[in-house]
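What follows is a short report on a single structure.
Numbered from 1 within each chain, the chains take letters A, B, ... in sequence-line order. No experiment lies behind these values; they were computed from the predicted model shown.
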Amino acid sequence: MRAYQDMVFSTAARLAGNDVVAEDIAQEVFVKAYENFGHLRSSPTAGGWLKTVTTNLMLNHLMRHRKRWRLFSEFTSPESDEAAADSVDFPVPDTLLADLGAEQRRAVVDAALRRLPDHQRLPLVLYHFEELRYEVIADRLRVSLAKIKTDIRRGRAALLPLLATAGITRDHLEN
Amino acid sequence: MERDERLRRVVDHALRDLPHRPAPATLQARVRAELRRRAALPWWRRSFAYWPTLARSAFVAVCIALTALTLLVGSLTTLDLAPATQQFLKLLSLATAVEDVPARLIPPMWLDSALVAGALLYAMLFGLGAFAYRTLYLKPLDGR
């Protein structure tokens, strides 16, 4: 458990944006791992199994509470979202957080992700951290492909100012 | 489009290969406590997969017996249906005969007039309701 607990907790926390929920899910993951201990003990893919179970449990949990953010996400048209995304006109730098150490970068990114709304953070994390394709994310979240692309795009655009307020100045981003 | 692709690349570079967040120190203790709690549960409160073999076999046998009983009761009811259907048809014919009585006693023109009057009253009530809604409800809202 010690070898994987940070990975499981990180995966859950980035998807949930909430440490309390992430700890609950991580606990459930390790209880399931204990129940499958005979199979996992000798498996070379135990890490992948744990990550998949974490993602699935977290998505199930979030989908149960989906109605809260669905109101603000899917009831708007993709066209209006596109317009809103274009209105965020931060200059895109060549690199982000390049001069920070790994731990500092992690702290800044995790803090910024926590401030994103669920309907942007969730697909963004699935795309950039879990490396899922747009189509797979749309299928898992039961949202249209266009909506997923727009939410991810908006999420990226929203991350720029969040990273800036988390210690990276706007001037630095423009250089 | 070029801006989007650049944004995707930069964000991807910033987010990939981040170190893991350290799990809370309480996580291991919580998992152990949950495992102890589950282990302390009696077998009938656990998942079916954890029931003793004897209990599982008995449960499956009871389910099969109940299914067979349901099918048996269903087939017996079907056999008894014919007299019940005849009773129902008798009642239906009696009801139809009773329904024909007003048609014989009241002239058809009266019935038609009553229907037309009912429709007119309904239309008037609907119009009155719409008028009241527009006058009493929408006007004050418009005035805000």
| A/Leu160 and B/Leu7: side chain to side chain contact (heavy atoms under 4.5 Å, CB included), yes or no, with the steps? | CA-CA 9 Å; A/Leu160 286 182; B/Leu7 184 61; 3.7 Å; yes

| field | Residue pair B/Arg21 / A/Ala13: nearest heavy atoms and the distance that separates them | value | NH1-CB, 3.6 Å

| request: Could you tell me which non-hydrogen atom of A/His128 sits nearest to which non-hydrogen atom of B/Leu15, and how far apart they are? | output: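 Smallest heavy-atom distance, with atoms named: CB-CD2, 3.8 Å.
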
same_hphob_cluster([X], [Y]) at 4.5 Å side-chain heavy-atom cutoff:
X: A/Leu159; Y: A/Ile148; value: yes
X: A/Leu50; Y: A/Phe9; value: no
X: A/Ile137; Y: A/Val125; value: yes

| How far does CG of B/Asp12 sit from CD of A/Glu131, to the nearest 0.5 angstrom? |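 Between B/Asp12 CG and A/Glu131 CD, I get 8.0 Å after rounding to 0.5 Å.
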
| field | Spacing of OH belonging to A/Tyr4 relative to NE2 belonging to B/His20, to within rounding of 0.5 Å | value | 10.5 Å

| query | Heavy-atom count around A/Tyr34 OH within 6.0 Å, excluding the residue itself: above 12? | reply | no

| query | NZ of A/Lys32: more than 12 outside heavy atoms within 6.0 angstrom? | reply | no

| request: Tell me the residues of residues 38-63 of chain B whose non-hydrogen atoms fall below 4.5 Å from those of chain A, in number order. | output: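 Those residues of residues 38-63 of chain B which have a heavy atom under 4.5 Å from chain A are B/Arg38, B/Tyr50.
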
| remark: By side-chain hydrogen bond (donor to acceptor under 3.5 Å, both in side chains), A/Asp24 pairs with (sequence neighbours left out) B/Arg30

| remark: Okay, A/Glu28 and chain B: the region with an atom under 4.5 Å from a heavy atom over there is side chain

| task | Apply side chain to side chain contact (heavy atoms under 4.5 Å, CB included) to A/Phe129 and B/Leu18, showing your working. | result | CA-CA 9 Å; A/Phe129 286 95; B/Leu18 284 181; 4.0 Å; yes

| message | Applying side chain to side chain contact (heavy atoms under 4.5 Å, CB included) to A/Phe30 and B/Leu27, what does each step give before you reach the verdict? | response | CA-CA 10 Å; A/Phe30 283 112; B/Leu27 181 60; 4.1 Å; yes

